[in-house]
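Scroll down for the structure; my scribbles are underneath it.
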Protein chains: 2
Amino acid sequence: MPIEIPDVVIDRLPVYARALASLDRQGRDVVSSQELGAQLGVTPAQIRKDLSYFGRFGKQGRGYNVKRLLEELHQILGLDRKWRMVVVGVGQLGHAVLSYGGFAPQGFDIVEAFDADASVIGKQIGDLVVKPVAAMREALAGQHIDIGIVATPAAAAQQVIDALVESGVRAILNYAPIAAHVPRHVRVKDIDPVLSLQSMTFYLKSDLAHSPPK
Amino acid sequence: MPIEIPDVVIDRLPVYARALASLDRQGRDVVSSQELGAQLGVTPAQIRKDLSYFGRFGKQGRGYNVKRLLEELHQILGLDRKWRMVVVGVGQLGHAVLSYGGFAPQGFDIVEAFDADASVIGKQIGDLVVKPVAAMREALAGQHIDIGIVATPAAAAQQVIDALVESGVRAILNYAPIAAHVPRHVRVKDIDPVLSLQSMTFYLKSDLAHSPPK
DNA sequence: CCTCGATTGCGCAATTTTTCGCAAATGTAG
DNA sequence: CTACATTTGCGAAAAATTGCGCAATCGAGG
């Protein structure tokens with residue numbers, strides 16, 4: 001009965017939400033799928049179809065009320081509450097993740113940090129103290145953690161992911177360059193700039209060099 | 001005549017290449033689409049179909065020669081040569097990008113870094129000195145840059161991207177939370193952990209809390 | 001109250017992507 | 001040399017996703 005909503009649709013909703021938030025800050029009250037689409041580089045039809053999975057939010061002849069739609073999307077995506085995350089791996093990358101200011105304002109709170117290396121264990125970063133990854137199970141036993149961020153070397157990543165899953169984490173943001181194995185009830189999103197670069201080079205390579213933009 | 005190759009296929013090739021590189025390091029000589037698929041979580045049929053866009057690399061009854069296929073993929077993707085990149089924006093994030101050790105070994109060299117902030121201009125990072133973004137056009141005028149990495153605040157990003165494009169860059173790795181506007185001959189890949197998190201929460205939200213893994 | 005330009009929601013068609021199924025080929029073992 | 005267990009490559013079917021077309025609706029302006 002509750003028709004299946006495609007993953008691709010879910011992936012686009014946060015993009016819409018971000019654009020709407022920006023419009024809202026600019027004081028815009030309404031926006032059409034046409035205009036939103038032009039701004040985001042997607043077709044108006046796609047936006048309307050995507051939204052139609054969840055309800056009827058627009059008004060014919062007018063478009064969408066920015067505040068209203070933004071709120072709906074937040075609710076749909078579960079962005080109307082806080083999410084608790086832990087970071088595993090506090091090297092260069094993990095450090096950057098921990099100091100990144102973009103998570104907290106969106107309701108994503110990092111509440112623990114773990115590492116295997118004695119030289120960073122005990123170190124204070126922001127208001128967290130890095131704990132030994134060996135003691136992760138115990139440290140997480142009492143609390144509810146929604147999301148695990150994996151920023152370890154590739155060799156350690158699968159092991160860490162297994163431990164996170166056993167600790168009840170149901171979503172993983174994986175910065176390690178591996179294809180993670182997880183049970184079906186766990187979501188994984190990979191962040192891998194190298195893969196992104198490596199697919200773009202395919203197109204660069206085949207472009208005839210230096211052709212001036214038309 | 002040269003049938004169009006879907007973007008999704010190109011996006012998967014680097015994943016295959018990485019898995020093959022790993023198998024090669026482990027000393028494996030051949031691998032079947034079955035095994036490779038199991039390792040990566042994709043169907044064997046998909047791997048075979050993807051590869052079939054580019055040629056016939058396997059042997060019936062045996063599978064694929066690991067070294068051979070890896071080399072072919074490198075050639076297809078243009079990974080058999082160096083790519084020159086610049087970083088714009090040397091804040092927390094840009095700094096992490098500059099110090100990240102994962103680009104160079106794959107042939108992605110960062111050859112310039114720019115920022116708008118006087119407090120970082122002139123600073124030395126690795127063997128680069130941060131130059132003023134205002135002088136980017138001149139600095140890039142002589143050289144050929146393949147890829148621009150944008151790690152500026154959102155407000156500056158589009159402007160920076162325009163400048164990169166005018167300087168001849170044909171691919172952009174965009175860390176800024178905006179939907180970039182570029183001419184059709186320019187490729188963009190976005191890296192945005194917040195969007196990834198925001199789509200995962202949709203599934204977390206609707207999961208009934210604490211259901212034990214089956 | 002009527003007309004008009006704009007815009008949604010949605011059924012349906014078109015397109016894209018994935019999966020299936022199997023003939024042909026390969027290597028091994030007897 | 002034959003039988004057999006594998007596994008590829010690829011055409012064709014199936015599934016997923018996107019885009020089209022248009023009736024219904026809305027608000028503005030007479």
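In what follows, every heavy atom counts, from backbone to side chain, and hydrogens, waters and symmetry copies are set aside. In this text, all values refer to a predicted model and were calculated from it rather than measured experimentally. Note on naming: letters A, B, ... go to the chains in the order of the sequence lines (proteins, then strands), and numbering restarts at 1 for each one.
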Output the rounded distance in Å from [atom1] ([X]) to [atom2] ([N]).
X        : N       : atom1 : atom2 : result
Asp11(B) : dT16(C) : CG    : C1'   : 15 Å
Glu4(B)  : dT15(C) : CD    : C1'   : 13 Å
Leu51(B) : dT7(D)  : CG    : C1'   : 13 Å
Phe57(A) : dT8(C)  : CZ    : P     : 14 Å
Asp7(B)  : dT18(D) : CG    : P     : 13 Å
Tyr53(A) : dT8(C)  : OH    : P     : 18 Å
Asp50(A) : dT8(C)  : CG    : C1'   : 14 Å
Gln34(A) : dC26(D) : CD    : C1'   : 17 Å

Which pairs with one or both residues in [range] pass salt bridge (Lys or Arg N to Asp or Glu O under 4.0 Å), sequence neighbours excluded?
range                       : value
residues 10-25 of chain B   : Asp192(A)-Arg18(B), Asp11(B)-Lys189(B), Arg12(B)-Asp50(B), Asp24(B)-Lys67(B)
residues 145-168 of chain A : Arg137(A)-Glu166(A)
residues 90-110 of chain A  : Lys82(A)-Asp109(A)
residues 30-47 of chain B   : Arg28(B)-Glu35(B)

Base dG19(D) paired with Lys49(A) side chain (donor-acceptor, <3.5 Å):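 Such a pair is found, so the answer is yes.
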
Salt bridge (Lys or Arg N to Asp or Glu O under 4.0 Å) against Glu71(A), all qualifying residues, sequence neighbours excluded: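 Glu71(A): no salt bridge (Lys or Arg N to Asp or Glu O under 4.0 Å) contacts found.
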
Salt bridge (Lys or Arg N to Asp or Glu O under 4.0 Å) against Arg187(B), all qualifying residues, sequence neighbours excluded: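 With sequence neighbours excluded, Arg187(B) shows a salt bridge (Lys or Arg N to Asp or Glu O under 4.0 Å) to Asp7(B), given in chain and number order.
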
Sugar-phosphate, base or nothing in reach of Arg48(B), heavy atoms under 4.0 Å: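 If one applies the 4.0 Å heavy-atom cut-off, Arg48(B) turns out to touch a base.
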
Gln198(B) side chain near Trp83(A) side chain, heavy-atom distance below 4.5 Å: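 Not touching, per the 4.5 Å side-chain cut-off.
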
Strand contacts (DNA chain D) in residues 37-47 of chain A, 4.0 angstrom heavy-atom criterion: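 Close to the strand are Thr43(A), Gln46(A).
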
Strand-adjacent residues in residues 58-71 of chain B, judged by heavy atoms under 4.0 Å from DNA chain D: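 Correct list: Gly58(B), Lys59(B), Gln60(B), Gly61(B), Arg62(B), Gly63(B), Tyr64(B).
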
Sub-4.0 Å heavy-atom contacts from residues 12-19 of chain A onto DNA chain C, ordered by number: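 Contacts with DNA chain C under 4.0 Å: none.
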
Just to verify, what does [X] make a side-chain contact (heavy atoms from CB on, under 4.5 Å) with, not counting sequence neighbours?
X         : value
Lys59(A)  : Arg62(A)
Ala154(B) : Pro177(B), Ile178(B)
Phe54(B)  : Phe202(A), Ile5(B), Val9(B), Ile10(B), Leu13(B), Phe57(B), Ile76(B)

Gln143(A) side chain to Ala139(A) backbone, donor-acceptor under 3.5 Å: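 Looks like yes, one N/O pair under 3.5 Å.
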
